[in-house]
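Structure, as C-alpha cells:
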Protein chains: 2
Amino acid sequence: MATIRDVAKLAGVSVATVSRVINKNGYVNQGTEQKVRKAIQQLHFEPNAVARGLASKRTGTIAVILPDITNPFFAEMARAVEDEARKHGFTVILCNSDDQGAKEKTYIEVLKKKYIDGIIFASQTLGKEDVAQMKKHNIPLVVLDRAPSEEDCSIVRSQNSMGAQVAVRHLLETGCRKIAHIYGPQEITTAKERLLGYEHAVKGFDWFTPTLMVPGNFRLDGGMKAVELLLEQHPDVDGIFAGNDLMAVGALKALHRLGIRVPDQIAVCGFDGIYLTEIMEPELTTVAQPIYEMGSLAAEILIQKINGTLQENQVCELEVSLIARNSTRRERMK
Amino acid sequence: MATIRDVAKLAGVSVATVSRVINKNGYVNQGTEQKVRKAIQQLHFEPNAVARGLASKRTGTIAVILPDITNPFFAEMARAVEDEARKHGFTVILCNSDDQGAKEKTYIEVLKKKYIDGIIFASQTLGKEDVAQMKKHNIPLVVLDRAPSEEDCSIVRSQNSMGAQVAVRHLLETGCRKIAHIYGPQEITTAKERLLGYEHAVKGFDWFTPTLMVPGNFRLDGGMKAVELLLEQHPDVDGIFAGNDLMAVGALKALHRLGIRVPDQIAVCGFDGIYLTEIMEPELTTVAQPIYEMGSLAAEILIQKINGTLQENQVCELEVSLIARNSTRRERMK
DNA sequence: CTGAAAGCGCTAACAG
DNA sequence: CTGTTAGCGCTTTCAG
C-alpha cells in the first residue's frame with residue numbers, strides 16, 4: 001500500500017508533482033514524469049480513491065435508483081448504465097426503491113453523504129423539492145423513463161402516448177373490434193401517458209366505453225387479475241393492450257387458464273420490449289422501447305454533466321417501434 | 001454542510017466527543033450527549049461518509065460481482081443482497097463480469113482502491129491467488145453459488161449433485177426411459193456438479209450413452225441449440241434434464257418449434273427455480289434453489305465478517321427442492 | 001515547470 | 001468521561 005508520498009520520495013519529487021502526473025493535469029517535465037512513472041511502477045502504487053474523494057469531492061461513483069432490479073425491464077437498463085459507467089471509469093451503486101418515496105429519500109440522503117457524483121433516477125417521479133435539493137447540492141441527476149417533462153433536470157424517455165396509439169391501431173388492423181386496456185399505476189407518468197394514448201385512439205369508436213380500461217399494477221399478477229375482471233364485464237373483448245409487457249404476460253397466462261385462445265379469440269399487445277415477450281408462447285407483440293439505449297444514454301448524459309462537458313439539461317424522447325408477433329397474428333390474416 | 005467541528009463548537013465540546021456520540025462508542029455523559037445531539041439537529045449535521053472512510057478504512061459499501069444482472073437468477077440474488085445490505089446500513093456496488101476473468105480482476109482492483117468493505121462473488125470461480133490476495137488485503141469475501149468447496153473463504157451454495165439426481169429420479173418416475181442432460185460450461189462448478197449428479201443417476205441404465213449429455217451455455221439459446229443437436233442423435237429421447245432453468249426454457253422453446261409436445265413426447269426439467277419457470281407454458285418442473293435466501297445469507301455472513309462478529313469461514317450448503325409442474329406431468333400419470 | 005503547505009472531515013490513540 | 005492531537009492519502013492554491 002504505497003502512498004503518493006512514497007512515490008514522491010522514490011522519484012525525488014514532491015507529492016504535488018506525483019499528483020499532477022497521475023491526474024494528467026498541470027505541466028510536468030517529460031523527464032520528471034518518467035521518473036515518477038517508474039517509481040509508481042516499482043512501488044505498485046495505486047491512488048487511494050477514498051482519499052481522492054475527500055480531497056476532490058469526486059468519487060467516481062454514480063447511483064441508479066430503480067423500483068426493482070428483479071423486473072427485467074430495469075435489469076436491462078441497469079446493465080446498460082453499468083456498462084456505460086465502466087467505460088468511463090465509474091462505478092455504480094444499485095438502489096431498489098420499490099417505488100416507495102420513503103426509500104428513495106433515504107437513499108438520496110445516504111448517497112449525498114457518500115459524495116456520489118450523480119444519480120440516475122428510474123423510480124417513481126421524485127418531487128420538485130428533491131430535484132431542487134439535488135440541484136442545490138450540485139449533484140447531477142438524470143431521470144429515466146418515468147418523468148414529467150417539466151422537471152428541471154435531464155430526462156431520457158420514450159414516446160409513450162404515441163406508442164399506445166400505435167398499439168391500438170395495430171390491434172384494429174389485425175381485426176379487433178373491441179379493444180381493452182390494462183393500465184399501470186397512475187402515479188407513474190408512463191402509465192398515465194399510455195392510458196391517455198389509448199383513450200385518444202379509441203374514443204371515436206362506438207364500442208368504446210370507460211369500463212374497457214381496467215387497472216393493473218405493472219406486474220404479472222396485475223395483468224392476470226385485470227383479465228379476469230375485464231372478461232366478467234366484457235366477455236366479447238377481442239383485443240387487449242397492456243400498459244407494459246409484464247402485465248401482457250400475465251394476461252396471456254390468465255387467458256390460457258381460462259381456455260381462451262390467443263390470438264384467435266383475443267389478441268394481446270404489450271409495451272416495453274423486454275426479452276420475456278420473445279420467450280412466451282405465443283410470442284408477444286409489443287411496442288418496444290430501446291431499453292438498453294435509454295440506459296446507456298442516461299449514463300452518458302450524466303457522466304458528461306459530471307465532467308462538466310455538458311451544461312444544459314437534455315430532454316431526449318426516444319422512438320418506440322411496434323414488434324408484431326404471434327399474439328396478434330389472427331387467423332384471418334394468414 | 002456542517003462539519004463535526006461546527007457541531008463541537010456549537011455544543012461547546014471537542015470533536016472527539018461529537019465523534020463518540022455519532023458513533024455510539026466510548027463513554028459520554030448523558031448531559032453532554034444531549035447538548036451534542038441538539039447541536040447536530042440545529043446544524044442538520046450529517047457525518048461525511050468519505051472522510052469517515054478515509055479515517056476508519058470502512059466505507060459501508062460492499063460489492064456484488066455477478067455474471068450478468070440481466071439473468072433473472074442473478075437479479076434475484078442481487079436483490080436479496082441489496083435488501084440485506086440496506087438493513088445493515090450498507091450500500092451495494094453492482095459489477096457485471098460476463099464471467100470474464102479479466103473484468104473480475106479489474107473490478108477487484110477498483111474496489112480495493114475504494115476501500116470496499118467486502119465482496120460477494122457470484123461470478124466464475126476466482127482463482128486461489130485472488131482469494132489469497134483478498135485475504136492479504138484483509139477484505140472479506142463470500143462466494144455465492146459457484147465455488148469449489150476447498151477455497152479458503154466463506155461459501156454459500158446448494159446441493160447441486162443431489163439436485164441433479166432428484167431431477168433424474170423424478171423424470172424416471174414420470175415414465176421417462178431415455179433421459180438426456182444439457183450441461184452448462186464446465187468451468188462453472190455448479191454446472192460440473194450437476195453433470196456429475198446426472199451421470200451418477202443414469203450410469204446404471206442400459207439406455208445410457210455419453211452422447212445423451214449435450215453441451216449448453218447456461219443461456220436460453222444454448223438450450224435451444226442443444227435440443228436440436230440432441231434430437232438429431234437421439235430422436236427417441238423422452239426426457240430432458242437441463243442444467244439450469246434458462247436452458248430448460250430454451251429447450252421448451254425449441255421443442256415447441258419442432259412441434260414436439262411437452263410433456264407428452266418429451267418431459268423437461270430445469271434447475272434453479274427462477275420465476276420464469278412459472279410463466280412458461282407448460283409450467284416448468286425445476287429443482288429449485290432458495291435463490292433469495294442464498295443472496296441474503298451471503299450478505300449476512302459478509303456483514304458479520306466485516307463487523308468482526310464472525311471469524312471462521314462459513315460453508316453453507318442449502319437444500320434444493322423439486323417443484324413438479326406440467327412440463328413433466330405425463331398423460332399416463334393423470 | 002515544481003514544491004510547500006494547507007486543508008478535505010473524520011477517527012482513534014493517548015493523556016488527563 | 002473528555003479534550004488534544006496526529007494522522008488517513010490525496011488535491012490544490014500559491015509562490016517561486
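Everything numeric in this text was worked out from a predicted model, so none of it was measured. Values below: all heavy atoms of this structure, side chains included; hydrogens, waters and symmetry mates excluded.
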Can you check whether A:Asp98's main-chain N or O pairs, donor with acceptor, with A:Asn96's side chain at less than 3.5 Å?
-> no
Against the side chain of A:Tyr27, the closest entry in C:dT2, D:dG9, C:dC1 is C:dC1
Would you say B:Ser19 reaches C:dT11's phosphate, i.e. side-chain N/O to OP1/OP2 under 4.0 Å?
-> yes
Atom CG of A:Leu43 and atom P of D:dG9: how far apart are they, to the nearest Å?
-> 14 Å
Rounded to 10°, the angle between the first-five-pair and last-five-pair axes of the helix from C:dC1-D:dG16 to C:dG16-D:dC1 is 30°
Which listed nucleotide (D:dT11, C:dA12, D:dG9) is nearest to the side chain of B:Ala16?
-> C:dA12
With a 4.0 Å cut-off on heavy atoms, is A:Thr17 in touch with a base, just the backbone sugar-phosphate, or nothing at all?
-> sugar-phosphate
Out of C:dC1, C:dT11, C:dC8, whichever nucleotide has its closest atom nearest the side chain of A:Leu54 = C:dC8
Indicate yes or no: at least one non-hydrogen side-chain atom of B:Ile306 is less than 4.5 angstrom from one of B:Ile62.
-> yes
Taking C:dC8, D:dC10, C:dT2 as options, the one with an atom nearest any side-chain atom of A:Lys57 is C:dC8
Should we count NZ of B:Lys112 as having more than 12 external heavy atoms under 6.0 Å?
-> yes
Backbone N/O of B:Gly60 and side chain of A:Lys114: donor-acceptor pair under 3.5 Å = yes
Could you please name the option among C:dA12, D:dT12, D:dC10 that lies closest to any side-chain atom of B:Ser56?
-> C:dA12
Which residue, A:Asn71, A:Thr70, A:Asp68, forms the side chain to side chain donor-acceptor pair (under 3.5 Å) with B:Arg79?
-> A:Asp68
Test item: B:Phe45 and B:Ile22 side chains (from C-beta on) under 4.5 Å apart, heavy atoms | yes
Rounded to the Å, how far apart are B:Lys35 NZ and D:dT2 P?
-> 8 Å
Nearest to side-chain heavy atoms of A:Tyr115, which nucleotide of D:dC8, C:dG9, D:dC10 = C:dG9
Tell me which nucleotide among C:dT11, D:dC14, C:dC8 gets nearest to the side chain of A:Arg20.
-> D:dC14
Select base, sugar-phosphate, or nothing to describe what B:Val13 touches, counting heavy atoms under 4.0 Å on all strands.
-> sugar-phosphate
Are side-chain heavy atoms of A:Ile108 and A:Ile65 found at a separation under 4.5 Å?
-> yes
Measure from CZ on A:Arg58 to P on D:dT12 and round the result to the nearest Å.
-> 9 Å
Sorted by position of nearest nucleotide on DNA chain D, 5' first, the leading residue of A:Arg5 and B:Gly26 is B:Gly26
Interatomic distance, A:Lys24 NZ vs D:dT12 C1' [rounded to whole Å] = 19 Å
Out of C:dA12, C:dT2, D:dT11, whichever nucleotide has its closest atom nearest the side chain of A:Val15 | D:dT11
Protein-nucleotide distance (A:Ile4, atom CD1; D:dT12, atom C1'), rounded to Å = 11 Å
